[in-house]
Amino acid sequence: MRVRYVLPTALLTLTACTTGPTLETQGTVTAPPGDSKHLTIGTAGFTESDLLAQMYALLLDRAGYRTKILSVTNRELYEPALEAGQIDVVPEYAATFADWLNAKANGADAPPVGSPDLATTMTALRRLAAPRGLTVLDPGKAVDQNAFAVTADYARQHRLRTLSDLGAAKLPVRLAAGDECVQRPYCEPGLKKTYGIDITAVDPKGVGTTQSKQAVQNGQDQMVLTTTTDATLDAFGLVLLADDKHLQNADYIVPVVNRSRAGSQGVTKALGALNTVLTTSDLAGLNQQVDSWRRLPKDVAKNYLVSKGLLRSGRPQSS
């Protein structure tokens, strides 16, 4: 049985600052790609990250590695641990991680480098990751972007399938979202500028929260900010409107590895197998099994890989 570890914050902070090839202490990393047979998979502690970490671990187990899973819920902690070699692999989001590394390297006011274009985003991300001893593997098909949903009845009534349709309909829209939406370029300003949507107010109930979805469900608001892998939309009678003009950044899921411990072709090939099957829709369904059906992430991950022919049923797990 694979064991799930939670590393104490104080220990992680101390060791991340005193071990491993961090950029701050050792400069640009030149170590050759490593191939440690004992790998730690990091998870950020929410459902989707847990599922991805479990799938990564299972695929690496199949390839002959021994794995354990470490839960660190704060990127400010797990990214230095990844640099230091305490964590060897983490699932990340291309544009978000690119902007995070950019801010770390160039300051919080640095212009964003993540963009709606995947190739541009990946180029920037890899350029920022390499000096820190990190390798960003290829993205797959699955993307977890910001997304906007309305009720299915509202969409049918106004013949809406895309955000462009909503802009063309000239309907007044009260948007349930986080309070930062009024300033973020992907939210209220972007919806107005890119799509011409008449946002009359932002209802600060949070991103994809139950309260936000209920506000749209009961007609208090007309649209909610959520994500493309939200597993609970059906339960609220909501449907996503397609971002047909690509307002949102390319937050494709990418494995990020510590080059000196997990930069080998063995790791790359093992994790790359997931790219051939995992889609955004698949990931939303897996999230639903955990969040709504109360199944364990490790069981959901294993069943999915078995169903896609990437794992044999009944295969023993590493400890």
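Just so you know, these numbers use all the heavy atoms, side chains as well, and skip hydrogens, waters and symmetry mates.
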Participant: Please determine whether a side-chain nitrogen of the Lys or Arg among Lys141 and Asp282 lies less than 4.0 Å from a carboxylate oxygen of the Asp or Glu.
Facilitator: no
Participant: Tell me the ring pair (Phe, Tyr, Trp, His ring centres under 6.0 Å) pairs involving residues 283-306, sequence neighbours left out?
Facilitator: none
Participant: Show me the side-chain donor-acceptor pairs of residues 148-158 shorter than 3.5 Å, one per line, residues at least two apart or across chains.
Facilitator:
{"from": "Thr151", "atom 1": "OG1", "to": "Tyr154", "atom 2": "N", "distance (Å)": "3.0"}
{"from": "Asp153", "atom 1": "OD1", "to": "Arg156", "atom 2": "NH2", "distance (Å)": "2.3"}

Participant: Inspect the contact between Glu188 and Lys192 and indicate whether a charged nitrogen and a carboxylate oxygen are less than 4.0 angstrom apart.
Facilitator: yes
Participant: Would Asp230 and Lys213 count as a salt bridge (charged side-chain N to carboxylate O under 4.0 Å, His left out) if you check the C-alpha gap in whole Å, the side-chain angles of each, and the deciding distance to 0.1 Å?
Facilitator: CA-CA 11 Å; Asp230 190 322; Lys213 293 171 191 171; 2.7 Å; yes
Participant: One thing to verify: whether Asp243 and Lys245 come together as a salt bridge, which I'm taking to mean a side-chain N less than 4.0 angstrom from a carboxylate O.
Facilitator: no
Participant: Between Val143 and Tyr93, is there a side-chain heavy-atom distance shorter than 4.5 Å?
Facilitator: no
Participant: For residues Ile253 and Leu52, determine if any side-chain heavy atom of one lies less than 4.5 Å from a side-chain heavy atom of the other.
Facilitator: yes
Participant: Would you call Arg126 and Asp138 a salt bridge, using N to O less than 4.0 angstrom?
Facilitator: yes
Participant: Within the structure provided, determine whether Leu134 and Glu83 are in side-chain contact (heavy-atom separation under 4.5 Å).
Facilitator: yes
Participant: Decide whether Gln222 and Arg174 meet the rule of one side-chain donor and one side-chain acceptor closer than 3.5 Å.
Facilitator: no
Participant: Just wondering, do Leu51 and Thr43 contact through their side chains at under 4.5 Å, heavy atoms?
Facilitator: no
Participant: So, applying side-chain contact (heavy atoms from CB on, under 4.5 Å) with Leu286, which one of Thr229, Thr47, Leu278, Asp291 is it?
Facilitator: Leu278
